[in-house]
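Here the structure comes first, spelled out in structure tokens, and everything after it is commentary.
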2 protein chains.
Amino acid sequence: MGIDRLDGKLLELLADEPRIGVLEASRRLGVARGTVQARLERLQSQGVIRGFGPDVDPAAIGYPVTAFATLEIKQGQGPDVRAHLGSVPEVLELHTTTGHGDMLCRLVARSNADLQRVIDRVVGFAGIVRASTAIVMENPVPLRIVPLVRQAAGSADAPDVPGPPSRHGTP
Amino acid sequence: MGIDRLDGKLLELLADEPRIGVLEASRRLGVARGTVQARLERLQSQGVIRGFGPDVDPAAIGYPVTAFATLEIKQGQGPDVRAHLGSVPEVLELHTTTGHGDMLCRLVARSNADLQRVIDRVVGFAGIVRASTAIVMENPVPLRIVPLVRQAAGSADAPDVPGPPSRHGTP
DNA sequence: GGTCTATCTGTACAAGGTGCCCAGAAACTT
DNA sequence: AAGTTTCTGGGCACCTTGTACAGATAGACC
């Protein structure tokens, strides 16, 4: 388990230019195409890369308002609340947590006024005792993974890039 | 602005099977290849599709613990705090918000013990007055966009799919 | 030191996809 | 009714992918 430096560079490269193919990636990394192909397959089968889904901006499809809601729920209502929230399209993500609340969810809405409607729909459910909402104003650090990948690849089992560009079948 | 039904279906298709190409997508959607190509370009230039970055699972690279931290910061320290948090790889995302706290960030760590180290690093900064952390236990609804896309495409300006499979150059 | 195993390299080939172009038809707007 | 936008279907040159193989290399083991 874990990723080495080549894996890290490959992930960085894909994060920077997701549309490049295996061949182009191998050229950039200075390794053989087969190597990149094998690494990619391994990363996907290990679950490191979950997929290459399109990164859709909610703001661009009419939902410019984002908010986080902390929910407190009635004992034993967990499963019901989850199902309820799962059925609301504006709930982009839901976590159960320790701490003051019991759940934390990310919401989007068409406007501040519309956010009221979304919140009403979210909390308008028997199992939910209380909710407190924080509206997002700015997003100084958008969801990112590269710095973490770099840290993960640079430490631990990172036996360095496979082969320091040595040449093989050379006379 | 906005997306129509074909855009919606295209986004759904890409979310389901991100590795399919333009040609295959056009076959699935029953439209011409050029149409899919044009739609994709438009969606990207409009910012609806930000990219196709690899979806990396932090847990799979050694960071199985996720937490959300609400931060309260000293007046006027905003920019400094942002820069500080931006330099911490374990900070995956940062928002400034209304409400009780001033900022909300998503953290990951190698373990619960390691989370303490991360939090110390995050809050060990002059501008931060107080922090409260919620550790994520479960993630019943992982970050998703399809339901929202479906809603956005199904309403408003959705003049229906371009052409009800009519045939053209047919005798 | 010698051997084994896992991995990488370089190469080849067939199959198929991509980017780009075009003229004509269809649908929506004015 | 005319004009504009968009979709269709076709073609072409070029490139990438998937797959396979033998030989080279590095690290682990005996």
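Proteins come first, then strands; the chains are lettered A, B, ... in the order of their sequence lines, and each starts at number 1.
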* Asked: Is NZ or CZ of Arg106(B) both nearer than 6.0 Å to the six-membered ring centre of Phe68(B) and within 45° of the ring axis?
  -> no
* Please report, rounded to the nearest Å, how far the P atom of dG17(C) is from the CD atom of Glu24(B). => 7 Å
For nucleotides 18-22 of chain D, list the nitrogen or oxygen atoms of the protein found under 3.5 Å from its nitrogen or oxygen atoms, one pair per line.
residue: dG18(D); atom: N7; partner: Arg33(A); partner atom: NH1; Å: 2.9
residue: dG18(D); atom: N7; partner: Arg33(A); partner atom: NH2; Å: 3.4
residue: dG18(D); atom: O6; partner: Arg33(A); partner atom: NH2; Å: 2.9
residue: dT19(D); atom: O4; partner: Arg33(A); partner atom: NH2; Å: 2.9

* Has Arg39(B) got a side-chain N or O lying under 4.0 Å from the OP1 or OP2 atom of dT6(D)? -> no
* Charged N to carboxylate O under 4.0 angstrom, Glu24(B) versus Arg19(B)? -> no
* NZ/NE/NH1/NH2 to OD/OE distance under 4.0 Å, Lys9(A) and Asp4(A) -> no
* Separation of atom CG in Leu10(B) from atom C1' in dT6(D), rounded to whole Å -> 16 Å
* Asked: Rounding to a whole Å, what distance do you find between Asp4(B):CG and dT6(D):C1'?
  -> 11 Å
* **Nearest-Å distance for atom pair CG/P, residues Leu23(B) and dG11(D)** => 15 Å
* Structure fact -> Taken to the nearest whole Å, CZ/Arg42(A) to P/dT7(C) is 8 Å
* Send over the distance from Leu40(B) CG to dG17(C) P, rounded to a whole Å. => 16 Å
* Would you say a side-chain N or O of Arg27(B) is under 4.0 Å from OP1 or OP2 of dG17(C)? -> yes
* Please report, rounded to the nearest Å, how far the C1' atom of dG19(C) is from the CD atom of Gln44(B). => 14 Å
* Asked: Would Asp120(B) and Gln116(B) count as having a side-chain donor-acceptor pair, cut-off 3.5 Å?
  -> yes
* Asked: Any sub-3.5 Å donor-acceptor pair from Thr96(B)'s side-chain atoms to Glu138(A)'s backbone N or O?
  -> yes
* **Degree of bending, the helix from dG1(C)-dC30(D) to dT30(C)-dA1(D) (end axes from five pairs; round to 10°)** => 50°
Listed pairs under 3.5 Å, donor-acceptor, residues 139-148 of chain B side chains, sequence neighbours left out:
residue: Asn139(B); atom: OD1; partner: His95(A); partner atom: ND1; Å: 3.3
residue: Arg144(B); atom: NE; partner: Val91(A); partner atom: O; Å: 2.9
residue: Arg144(B); atom: NH1; partner: Gly86(A); partner atom: O; Å: 2.8
residue: Arg144(B); atom: NH2; partner: Gly86(A); partner atom: O; Å: 3.2
residue: Arg144(B); atom: NH2; partner: Val88(A); partner atom: O; Å: 2.7
residue: Arg144(B); atom: NH2; partner: Val91(A); partner atom: O; Å: 2.9

* Structure fact -> Closest non-hydrogen atoms of Gln77(A) and Ile73(A), given as atom of the first, atom of the second and distance, are C-CD1, 4.5 Å
* Leu85(A) and Leu71(A), any side-chain heavy atoms less than 4.5 Å apart -> yes
* When the distance from NZ of Lys9(A) to P of dC8(C) is rounded to whole Å, what number comes out? -> 14 Å
* Any Lys/Arg nitrogen of Glu12(B) or Arg28(B) sitting under 4.0 Å from an Asp/Glu carboxylate oxygen of the other? -> no
